[in-house]
Amino acid sequence: MKIFCIGRNYREHVAELHDGGTVPEEPLFFLKPDTALLRNNDPFYIPDFSNEIHYECELVVRIDRLARHVAPQFARRLYAEVGLGIDFTARDIQREAIAKGLPWERAKGFDYSAAVSPQFIPLAELGDIQQLHFTLEVNGEIRQRGFTGDMIFPVDELLSYISGYMTYRTGDLLFTGTPAGVGPVKRGDVLRAELEGREMLHFEIR
Ligand code: MG
């Protein structure tokens with residue numbers, strides 16, 4: 001399976017990065033390998049190659065079928081359930097890569113850098129995918145408040161865009177970008193995330 005991730009999909013997050021990047025004119029996506037998955041609320045261990053690992057809480061869409069070249073108006077057929085994830089990012093390495101125009105894999109694709117909620121919730125229960133609220137707490141304090149209506153590119157446009165380049169397989173995941181409020185983690189932190197009031201993630205940083 002593949003893990004697709006979207007960068008710069010919420011305006012306030014683009015502004016907070018201060019890396020010279022601007023609001024994109026077309027979706028920006030990158031991949032994490034399947035070895036990046038962190039499941040079942042297992043603890044996240046800070047790797048030794050970075051001094052600045054950031055959390056990025058994101059709505060995650062699970063793709064349910066084989067598909068490519070999907071028009072936006074048909075993209076809704078690709079998925080039925082959503083969850084939450086943390087796109088762990090070695091911000092120091094990413095900043096250096098951006099400055100040098102280099103790829104992001106070392107900053108984004110390392111082992112266990114894609115935490116995914118144990119459950120996914122049917123959209124039949126949640127409603128419109130572009131009207132969902134989610135929050136991330138660190139040590140009991142809310143750090144990120146996301147509303148999917150604030151996405152620069154809505155989910156169906158993202159899925160359509162990517163499908164012009166890469167084939168989806170059942171089980172692929174799409175991280176849809178993070179809202180403002182990203183920040184560093186340190187050992188002992190507890191991350192907890194809710195989607196529409198339901199606890200989705202709750203795990204420790206070690
Ligand atoms: Mg992200």
Side-chain angles (χ1 to χ4, degrees), residues 1-10 13 17 19 21 24 26-70 75 78-120 136 151 153 155 158-178 182 184-185 191 193 200-201 203-206:
M1 55 85 69
K2 304 183 286 302
I3 305 168
F4 297 96
C5 299
I6 302 298
R8 307 181 195 284
N9 204 26
Y10 290 83
H13 172 62
L17 285 174
D19 62 2
E26 55 186 343
L28 183 172
F29 76 92
F30 56 92
L31 296 176
K32 292 183 189 241
D34 56 6
T35 44
L37 275 179
L38 179 65
R39 296 180 189 268
N40 302 318
N41 281 319
D42 287 345
F44 173 84
Y45 288 84
I46 295 180
D48 58 10
F49 52 74
S50 172
N51 294 311
E52 194 181 0
I53 299 287
H54 277 198
Y55 56 79
E56 296 187 355
C57 185
E58 312 194 3
L59 183 81
V60 179
V61 178
R62 189 166 58 209
I63 295 159
D64 291 335
R65 52 169 75 189
L66 182 76
R68 62 178 182 149
H69 296 299
V70 180
L78 297 177
Y79 59 89
E81 298 188 340
V82 294
L84 288 182
I86 308 290
D87 165 17
F88 283 107
T89 302
R91 193 72 72 202
D92 45 357
I93 296 175
Q94 187 196 30
R95 209 179 282 122
E96 184 188 330
I98 289 170
K100 293 180 178 173
L102 296 173
W104 290 10
E105 275 82 353
R106 275 199 307 139
K108 289 285 199 179
F110 56 88
D111 287 351
Y112 310 117
S113 61
V116 175
S117 55
Q119 339 89 282
F120 277 63
L136 174 71
M151 288 182 185
F153 300 103
V155 170
L158 297 171
L159 288 169
S160 174
Y161 180 86
I162 294 169
S163 78
Y165 299 91
M166 294 186 193
T167 299
Y168 295 124
R169 289 203 180 115
T170 299
D172 287 351
L173 298 175
L174 174 68
F175 279 61
T176 56
T178 198
V182 302
V185 293
L191 271 53
M200 302 294 287
L201 290 166
F203 65 97
E204 194 183 337
I205 306 296
R206 290 187 188 161

**Student:** Between Leu174 and Phe29, is any pair of side-chain heavy atoms under 4.5 Å apart?
**Tutor:** no
**Student:** Set out, in order, the CA-CA distance, both residues' side-chain angles and the distance that settles side chain to side chain contact (heavy atoms under 4.5 Å, CB included) for Arg8 and Leu17, then state yes or no.
**Tutor:** CA-CA 9 Å; Arg8 307 181 195 284; Leu17 285 174; 3.4 Å; yes
**Student:** Taking C-beta and beyond as the side chain, do Met151 and Tyr10 meet within less than 4.5 Å on heavy atoms?
**Tutor:** yes
**Student:** When you compare the side chain of Leu191 with that of Leu201, does any pair of heavy atoms fall below 4.5 Å?
**Tutor:** no
**Student:** Taking atom OH of Tyr112 as the centre, does the number of heavy atoms from other residues, nucleotides or ligands within less than 6.0 Å exceed 12?
**Tutor:** no
**Student:** Give the intermediate values and the outcome of ring-ring contact (aromatic ring centres under 6.0 Å, His included) for residues Phe153 and Tyr161.
**Tutor:** CA-CA 10 Å; Phe153 300 103; Tyr161 180 86; 7.7 Å; no
**Student:** Thr89 side chain to Arg91 main-chain N or O, any donor-acceptor pair under 3.5 Å?
**Tutor:** no
**Student:** Enter the distance from Ile53:CD1 to Ile86:CD1 here, rounded to the nearest 0.5 Å.
**Tutor:** 13.0 Å
**Student:** Apply side chain to side chain contact (heavy atoms under 4.5 Å, CB included) to Glu52 and Arg95, showing your working.
**Tutor:** CA-CA 10 Å; Glu52 194 181 0; Arg95 209 179 282 122; 3.0 Å; yes
**Student:** Donor-acceptor check, side chain of Lys108 to backbone of Lys32, threshold 3.5 angstrom: yes or no?
**Tutor:** no
**Student:** Taking atom CZ of Phe175 and atom CG of Leu158, what is their separation to the nearest 0.5 Å?
**Tutor:** 14.0 Å
**Student:** For a quick test of reading the model, state the closest non-hydrogen atom pair linking Cys57 to Thr178 and the distance between them.
**Tutor:** O-OG1, 2.9 Å
**Student:** If you compare all heavy atoms of Pro43 against all heavy atoms of Leu38, which two are closest, and at what distance to 0.1 Å?
**Tutor:** O-CD1, 3.6 Å
**Student:** Determine yes or no for a side-chain-to-main-chain donor-acceptor pair under 3.5 angstrom, with Asp92 supplying the side chain and Asn51 the backbone.
**Tutor:** yes
**Student:** Give a yes or no answer on whether the side chain of Asp87 reaches the backbone of Cys5 with a donor-acceptor pair at less than 3.5 Å.
**Tutor:** no
**Student:** Identify whether the distance between the nearest side-chain nitrogen and carboxylate oxygen of Glu81 and Arg62 falls below 4.0 Å.
**Tutor:** yes
**Student:** Write down the atom of Phe4, the atom of Asp172, and the distance for their closest heavy-atom approach.
**Tutor:** CE1-OD2, 3.9 Å
**Student:** Report yes if the side chains of Lys2 and Ile63 come closer than 4.5 Å at any heavy-atom pair, otherwise no.
**Tutor:** no
**Student:** Are any non-hydrogen side-chain atoms of Val60 and Phe120 less than 4.5 angstrom apart?
**Tutor:** yes
**Student:** Does any N or O in the side chain of Ser50 come within less than 3.5 Å of the main-chain N or O of Ala90, such that one atom is a donor and the other an acceptor?
**Tutor:** no
**Student:** Would you indicate whether the side-chain heavy atoms of Tyr79 and Leu159 approach each other to under 4.5 Å?
**Tutor:** yes
**Student:** Centre-to-centre under 6.0 Å for Tyr55 and Phe44, is that the case here?
**Tutor:** no
**Student:** Any side-chain heavy atom of Glu56 within less than 4.5 Å of one from His13?
**Tutor:** yes
**Student:** Run Val82 and Val155 through side chain to side chain contact (heavy atoms under 4.5 Å, CB included) and show every step you take.
**Tutor:** CA-CA 11 Å; Val82 294; Val155 170; over 6 Å; no
**Student:** Could you state the interatomic distance from CZ (Phe30) to CD1 (Ile6), rounded to the nearest 0.5 Å?
**Tutor:** 8.0 Å
**Student:** Locate the shortest heavy-atom distance separating Gly164 from His69; write the atom from each residue and the value.
**Tutor:** O-CE1, 3.7 Å
**Student:** Is the side chain of Asn9 donor-acceptor paired with the backbone N or O of Thr176 at a distance under 3.5 Å, no angle test?
**Tutor:** yes
**Student:** Taking the side chain as C-beta and beyond, is there a heavy-atom pair between Val116 and Arg39 under 4.5 Å?
**Tutor:** no
**Student:** Give me the atom names and distance for the closest heavy-atom approach of Trp104 to Ala97.
**Tutor:** CD1-CB, 4.3 Å
**Student:** Nearest 0.5 Å please: distance from the CE atom of Met200 over to the CG atom of Asn41.
**Tutor:** 10.0 Å
**Student:** Determine yes or no for a side-chain-to-main-chain donor-acceptor pair under 3.5 angstrom, with Ser117 supplying the side chain and Leu84 the backbone.
**Tutor:** yes
**Student:** Taking Ser113 for its side chain and Phe88 for its backbone only, find out whether a donor-acceptor pair lies under 3.5 Å.
**Tutor:** no
**Student:** Minimum heavy-atom separation for Ala67 to Leu78, with atom names?
**Tutor:** CB-CD2, 3.5 Å
